[in-house]
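A quick note: this is a predicted structure, and the numbers were derived from the prediction, not measured.
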Amino acid sequence: MILLRKFRVLILTVFLVACTLHIMIDLLPKLEKRAAGADSGCQCAQHPAGEAQGWGKPRADAGWPNQMHALRLLQDFSNEPNSNLTSRSLEKISANPAATTRDEAADPHGRTSPSSAAGGWKEHRALIGNGSGARAASAPTVSRLAALFEHPLFKVDLPPLTDDDTLFNVKNDIRFYPKTTGNPAWHNEDGNEEEEEFPPTTEVTAESYPNWLRFHIGINRYELYPRHSPVLEALLKDLVTQRISSVAMKSGGTQLKLIMTFQNYGQALFKPMKQTREQETPPDFFYFSDFERHNAEIAAFHLDRILDFRRVPPVAGRLVNMTSEIRDVTRDKKLWRTFFISPANNVCFYGECSYYCSTEHALCGKPDQIEGSLAAFLPDLNLAKRKTWRNPWRRSYHKRKKAEWEVDPDYCDEVKQTPPYDRGSRLLDVMDMTIFDFLMGNMDRHHYETFEKFGNDTFIIHLDNGRGFGKHSHDELSILVPLSQCCRVRKSTYLRLQLLAKEEHQLSSLMEESLLRDRLSPVLIQPHLRAMDRRLQLVLQVVAGCVEKEGYVNVVEEDLLGDTATHRGPGPR
């Protein structure tokens, strides 16, 4: 009986072993076939050894970033303005091995780069090539701007400033308290209702004022800002980094402009991008029907500074979110109602104005990012009145009629007998403005402004430069007619133009270096930069012709600051 049971168990064990072997023999070809298929055709991301090869799992290789490092790299890249390539109008990027470094004054993330002592030059990436024949330009090892500003021509001191020479007289009894409405206001310590509503919590000094107010306080009879003002650099940074608290449309004008108010109560005029940098003004366009260009406003500020005029309010380029920084913060219902989503799923708006404000001329983001220029506001007219003057060489703004200066070669003789051009330096200021406009190709200088406090003995403010840099292939010689008719030029201007024509101080190279500091760099394409060098030579040729015709002492006039009389130069040395 026992032997029978052992025999049955043995038979059952042999049967189970045989079944197992049979099953394995049947499955073995299938397993081999599946393994061969995995080696030859599997598109999964799994490594053959079973180890995931990606950002999520750190590798033992030296220098390979761990997960946190990888996330930081991705965040840094996504925060760079170049990461949103579709929002840039000019760049056609294929490869850019040069690392981008940004000026602290234009980087809201606080990443800074080394700067030179004098010029504030920051090393930047090479200019991106474009289809307009632009050459690649790497950051120079030595700053031309720094060398230029060290030249004696850029170190002329102003006369001692009196209370009559400064726009505002900041004394101990004057305080600035921002209103809760966002409008700046001056208050006197003599006491009034408004001041009692907003008493100061701490001692307020001029150094503690916001940068836009410090800029206003620094305006004087001779300049909008000093050559190496730290306030200027801080204000340019504010234009790029300050949170936008409210937006409204600016009344008047042929094209849409926005007034943006920041969290520190400063304000700036925003001109949005309307066309790409490489687009030239069509040859059949009249100057008064041309687009206003945001990059022209930026470039005009830098050119004005290089010419040492310092008569253009600070301007910086900024990439603006149309949804969160315009639509969501505006209380202007007329502006808000013009927002829509385009068929390409981009955010667009067009606002209200007298010319280019319609759905056909809508401003669209990529998908809601748009470039624009931000020009710092001058002091409120209630605090510092300005006088508007008609430009004697104003164009007719008519399709067929010509202005008087276009048909009368002796027109300047009449102008020189008319106040305020019959004395002082006003005529020389107009010649400066003429040269400034010619270098940009700006034909739209119909009026100019001065601060009323300083009377006729002050500089011309170079406002509204958006129609410059429209054509690089054409030099509009009619802009130079005031200079060729009057044959007068300020000596300091003439000497600086000669300096900027030299190879070591080439105007185009200085502009290229200066514009690299802007957030929207490259601001100008290379053909526009080269056009300025060409036009500079034309200006010098006109002055040389005047000198040959009338003599140096009758053409080049001394500019003695603080003296209202007209002076003749001593002639070349």
Side-chain angles (χ1 to χ4, degrees), residues 119-121 127 137 143-149 151 153-154 223-225 227-228 232-233 236 271 277 292-317 373-376 429-445 448 459-472 475-476 479-480 483 489-490 492-502 505-518 520-540:
W121 166 250
L127 280 179
S143 170
R144 292 194 184 215
L145 273 178
L148 179 74
F149 292 145
H151 193 277
L153 286 174
F154 290 81
E223 59 189 4
L224 279 178
Y225 55 87
R227 288 187 184 93
H228 307 296
L232 178 67
E233 298 300 329
L236 291 173
K271 289 189 177 182
R277 289 155 174 77
E292 293 185 14
R293 286 166 285 276
H294 71 299
N295 60 316
E297 293 285 358
I298 302 168
F301 164 69
H302 288 260
L303 176 62
D304 175 83
R305 196 177 182 185
I306 289 173
L307 293 172
D308 202 41
F309 294 155
R310 303 190 305 284
R311 300 167 193 171
V312 175
V315 183
S373 64
L374 278 167
D429 286 335
V430 173
M431 297 303 108
D432 286 347
M433 184 174 65
T434 296
I435 295 169
F436 176 63
D437 285 335
F438 179 70
L439 293 174
M440 295 189 300
N442 178 28
M443 302 172 65
D444 190 38
R445 190 69 66 185
Y448 63 84
F459 62 91
I460 290 174
I461 307 172
H462 296 165
L463 295 173
D464 197 8
N465 306 295
R467 286 199 170 114
F469 298 104
K471 295 181 180 179
H472 54 73
D475 302 328
E476 184 54 52
I479 303 175
L480 276 184
L483 181 63
V489 66
R490 181 179 270 112
S492 63
T493 299
Y494 183 46
L495 294 177
R496 290 191 185 102
L497 293 177
Q498 291 177 314
L499 184 68
L500 295 173
K502 295 181 179 180
H505 297 293
Q506 190 178 37
L507 177 58
S508 60
S509 298
L510 290 165
M511 280 290 292
E512 183 177 42
E513 178 181 339
S514 185
L515 291 171
L516 278 171
R517 302 164 62 181
D518 192 84
L520 301 184
S521 174
V523 176
L524 294 177
I525 61 175
Q526 289 293 332
H528 279 299
L529 295 172
R530 292 194 294 268
M532 282 190 286
D533 289 334
R534 184 178 67 244
R535 292 166 186 165
L536 176 57
Q537 294 297 330
L538 292 174
V539 173
L540 293 176

Contacts of type side chain to side chain donor-acceptor pair (under 3.5 Å), residue His302, not counting sequence neighbours:
Ser514
Check the pair Gln506 / Asp533 against side-chain contact (heavy atoms from CB on, under 4.5 Å), numbers first and verdict last.
CA-CA 7 Å; Gln506 190 178 37; Asp533 289 334; 3.4 Å; yes
Between atom CG of Asn295 and atom NZ of Lys271, what is the distance when rounded to the nearest 0.5 Å?
11.5 Å
Within the structure provided, determine whether Val312 and Leu303 are in side-chain contact (heavy-atom separation under 4.5 Å).
no
Kindly write out the residues that satisfy side chain to side chain contact (heavy atoms under 4.5 Å, CB included) with Glu476, not counting sequence neighbours, or none if the list is empty.
Arg395, Met443, His474, Ser478, Ile479
Looking only at non-hydrogen atoms, find the nearest pair between Leu236 and Val315 and report the distance.
CD2-O, 3.6 Å
Going by salt bridge (charged side-chain N to carboxylate O under 4.0 Å, His left out), name the residues that satisfy it together with Asp429, two or more places apart in sequence or in a different chain.
Arg311, Arg490
Closest heavy-atom pair and its distance - Leu463, Pro313
CD2-CG, 3.7 Å
Taking all heavy atoms of Pro314 and all of Leu232, pick out the closest pair and write down the distance.
CG-CD1, 3.3 Å
Between the main-chain N or O of Phe154 and the side-chain N or O of Arg227, is there a donor-acceptor pair closer than 3.5 Å?
yes
Hey, mind stepping through Ile525 and His472 against side-chain contact (heavy atoms from CB on, under 4.5 Å) and telling me if it holds?
CA-CA 9 Å; Ile525 61 175; His472 54 73; 4.2 Å; yes
d(His528 NE2, Ser508 OG) to nearest 0.5 Å is 13.5 Å
Which heavy atom of Asn465 sits nearest a heavy atom of Ala300, and at what distance?
CB-CB, 3.5 Å
Is it true that Arg144 and Glu513 make a salt bridge, defined as a side-chain N closer than 4.0 Å to a carboxylate O?
no
Phe436: partners by ring-ring contact (aromatic ring centres under 6.0 Å, His included), with sequence neighbours left out
His462
Which atom pair, heavy atoms only, marks the closest approach of Leu516 to Ser521?
CD2-OG, 3.4 Å
Test side-chain contact (heavy atoms from CB on, under 4.5 Å) on Met511 and Leu524; report intermediate values, then the result.
CA-CA 9 Å; Met511 280 290 292; Leu524 294 177; 4.3 Å; yes
Listed by chain and number, what are the salt bridge (charged side-chain N to carboxylate O under 4.0 Å, His left out) partners of Arg305, not counting sequence neighbours?
Glu233
Euclidean distance, Lys502 NZ relative to Leu497 CG, rounded to 0.5 Å:
12.5 Å
4.5 Å side-chain heavy-atom contact, Phe301 and Glu297:
no
Contacts of type salt bridge (charged side-chain N to carboxylate O under 4.0 Å, His left out), residue Asp304, not counting sequence neighbours
none
Interatomic distance, Leu538 atom CG to Leu439 atom CG [nearest 0.5 angstrom]:
9.5 Å
So which atom in Asn442 and which in Asp464 form the shortest heavy-atom distance, rounded to 0.1 Å?
ND2-O, 4.5 Å
Non-hydrogen side-chain atoms of Leu483 and Ile435 separated by less than 4.5 Å:
yes
Nearest-0.5 Å distance, CG of residue Leu520 to CG of residue Leu515
10.5 Å
In chain order, what residues pass the side chain to side chain donor-acceptor pair (under 3.5 Å) check against Tyr448, with sequence neighbours excluded?
Tyr421, Arg426
Does Arg535 have any salt bridge (charged side-chain N to carboxylate O under 4.0 Å, His left out) partners at least two apart in sequence or in another chain, and if so, which?
Asp475
Please say whether the positively charged group of Arg310, taken as NZ for Lys or CZ for Arg, lies over the ring of Phe459, i.e. under 6.0 angstrom from the six-membered ring centre and within 45 degrees of the axis.
no
Please check this pair: side chain of Arg496 against backbone of Leu153, looking for a donor-acceptor N/O pair closer than 3.5 Å.
yes
Kindly indicate, with the supporting measurements, whether the criterion side-chain contact (heavy atoms from CB on, under 4.5 Å) is fulfilled by His294 and Arg277.
CA-CA 10 Å; His294 71 299; Arg277 289 155 174 77; 4.1 Å; yes
Report the distance from atom CG of Leu500 to atom CG of Leu540, rounding to the nearest 0.5 Å.
9.5 Å
